[in-house]
Each structure stands twice: as C-alpha cells, then as structure tokens.
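This report concerns only the one structure given below.
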Amino acid sequence: MSFPLVALGNPLLDLQVDVDAEYLAKYDLKANDAILIEPKHLPIFKECLANPTVKSIAGGAAQNAARGAQYVLPEDSVVYFGSVGKDEYSELLLKANETAGVKTLYQYQADHETGKCAALITGHDRSLATDLAAANHFTPDHLDKPENWKYVQGAKFFYIGGFHLTVSPEAIYKLGQHAADENKDFSLNLSAPFIPQFFKDVLDKSITFANYVIGNETEAAAYAESHGLQTTDLKEIAKYIAKEPKVNAQKNRTVIITHGLEPTIAVTYDSAADSYQVNEYPVHALDSDKIKDTNGAGDAFAGGLLAGLVNGDSLQQSIDKGQWLAKLSIQEVGPSFPYPKLAY
Ligand code: 26A
C-alpha cells in the first residue's frame, strides 16, 4: 500500500543560531522551550538573518517527524499537510521534503509568508521562538479537496503535531473522526508545555481520537498541572492520559513519554480488562562531544517510532527505532538526518 502515513503540522523554516544566556534573557526566553512569539520577540528574526553564522534549515515539528519516518520506511510512505507562503522559504522546505521522499500537499497562502522558527542554541539546549505566519492559516477544506482526500482515505496511520492544535482544531478532529470511523491509528504529539497549559480543551478533545500520545517529561508535567493531577510521577501521568475517554473503543491507547537520557516510559491502558501495561525502555546514549545540537531530537524520535508502528513492529522495537533516529539526528545540524542513509 502506498502512503500509509499522513502527517499534519506547521511547516516552518528554522533559522538556527548560537546565542548566549544573555541573549535569551533579553527576550525572556528559557534555554529549552518552544513558544509562539509576542510582538516583543519580532526583532529576533532580523537579528538571526543578519547573523553570519545563521543556518536556514527545514523545520516544523511534524514535518521533521514526517521526514524522519520516511527516512526509515520504504519509499512512498509519508504524506505531509501544512500551510505555507509562495516564497523562497517554502521552496526550501519543499526541496527538503522531496530529498527525504515525503509527498508534500501544502496549502499555499497568497498573502502570508512562510512561517519561521528562531532556533536559538545554547550548548545542548534549544529555545524555539515561532512566527507561524502562513502556517497559521491552514483550513480543513484543504483536506476535503478530492486530490488530497484520496491520500487521507488511502492512509492507515495519522500523526498530528500538537503545535497544530493552535491552528486548526477542526482539521485535527476531521482526521481523528475519519480514523475512528475506519478503525485506523491516530497519533498526537504534545509538542510543548504551552500546549497542555493553554490549549487544554482542544488537547483533551484531540486525545479522544488518539490511540498513541507522544510527549516528553516537561510536557507531561505541564499536562499534570493543567489537569490538576496531584502527581509529578511520569508513569502516573501517562496512566491518566492513557485512560482518558476515547472515541474508538476498538483500540487501546498507548502513551509514550521520553525523559532525556532516562528511560522512555510507555503505558498502555487496556480498556476491556481495565488494566495497564507499564514499561521502560533505555535510550541510545551518545557521547556528549558528538552532539551537534538537539533541535529536532524529539521529532526524530517520533519519526522513528512512527516508522516502526506503521511497519507493524512491536512497541519495544518501534521505540528503539525512535531512539536510534534521535541519536542520528542530534549528530546533524538541526532537525536533519545523515545521507547517504544509514539502516536501522
Ligand atoms: C506553533 N509552534 C510554536 C510550532 C513550533 C514548531 N513547529 C510547529 N509549530 N515551534 C517550534 N517548532 C519546530 O520544532 C522543531 C524542533 O522540534 C521547529 O521548527 C523545529 O524544527
């Protein structure tokens, strides 16, 4: 079957620069975070573009994961939806997807530029400040076009970047309902602490469609706080998410939480038996001096994991593929993968 995996997200051009703690402080940014910019952050983009060391790299969290999954899967496996401007930036993104073999179905905006993310690197941390621009204008009717919907119908697995919750909840629900109606897999990334913090209702509704939820320790903590859970224990938080209501009763939900160099946690709630399966899987640690930067590490993990799940691998092997791909990506500049391709 062609194109089993369909991903939806915000296509962004990453402007990656090395900065110091003082620069982050000037703009009230944390060393390791992802935010939507406020007006006070706007000068960052000019400053990035004027910086001689700036690297313009294909970004956008779900788009990175899509390229990652296609890196592992056989050709013609991954389709990506998102909204961009008609400019040189979207050309760069399109090229990166083509090189990776991802089928790109962009919605083009005449009046908005392609979105940008300032990826501000301090050591092994990355602070992401995003101006969504055209990415903010994705509309669900783009999915409905016959030439696009046929890929939705043909797919068996969906991946939604949590960041897209701020853009088009209706597009997410449309894909979610389709997945539930046809008993297909639907996965969602929590993406950043601000998503569970400020988009709780949209997140809760999106999770009802999801049989895989992916996140990291800071996102899980933000989820626990916004949902009033009296715990910081990642396994307990994952159990709570796994048991949240779901639309498709035929699939159990699995929640996968990465935790830096600590083992990855996976919890599956079996609704028929009212029981949990809780497991931990080790990461593929890399000597610290081999790390180029960690921008896109989580997306690479998601990409490898998705590749495994789409391929029908066990959860354990799929998580291991995710760890493997994340390890490759952090040895590259930005959310990229090594070529010629390495095999898992
Ligand atoms: C809505 N926001 C804030 C975002 C993003 C985003 N992708 C989609 N929406 N903020 C940062 N990113 C992307 O995350 C990747 C690293 O995980 C960056 O473009 C970067 O490539």
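As the structure lists them, so they are numbered: ligands from 1, and atoms in each ligand from 1. Index from 1, following the sequence.
- For the pair Gly298 and ligand 1, no heavy-atom separation below 4.0 Å is found.
- In this structure, the side chain of Arg126 does not engage the main chain of Gln16 through any donor-acceptor pair within 3.5 Å.
- Neither the backbone nor the side chain of Val167 comes within contact range of ligand 1; no heavy atom lies under 4.0 Å.
- At a heavy-atom distance under 4.0 Å, atoms from both the backbone and the side chain of Ala61 approach ligand 1.
- Under the rule for a side chain to side chain contact (heavy atoms under 4.5 Å, CB included), Asp201 has no partner lying at least two apart in sequence or in another chain.
- Ring geometry for Tyr344 versus Trp324: interplanar angle over 60°, hence perpendicular rather than tilted (30 to 60°).
- Remark: ligand 1 and Leu132 share no N or O pair separated by less than 3.5 Å (distance only, no angle test).
- Considering backbone and side-chain N/O of Asn10, one or more are found under 3.5 Å from N/O of ligand 1.
- Of the heavy atoms in Asn64, only side-chain atoms (C-beta onward) come closer than 4.0 Å to ligand 1.
- Remark: minimum distance from atom 11 (C) of ligand 1 to any protein heavy atom is reached at Thr130 OG1, 3.4 Å.
- Heavy-atom contacts of Asp14 reach the following atoms of ligand 1: 18 (C), 19 (O), 20 (C), 21 (O) (cutoff under 4.0 Å).
- Among Ile57, Leu36, Asp299, the residue whose heavy atom sits closest to atom 1 (C) of ligand 1 is Leu36.
- Residue contacts with ligand 1: Gly9 is excluded, as none of its non-hydrogen atoms falls under 4.0 Å.
- Remark: Lys235 engages Glu280 in a salt bridge, criterion side-chain N to carboxylate O under 4.0 Å.
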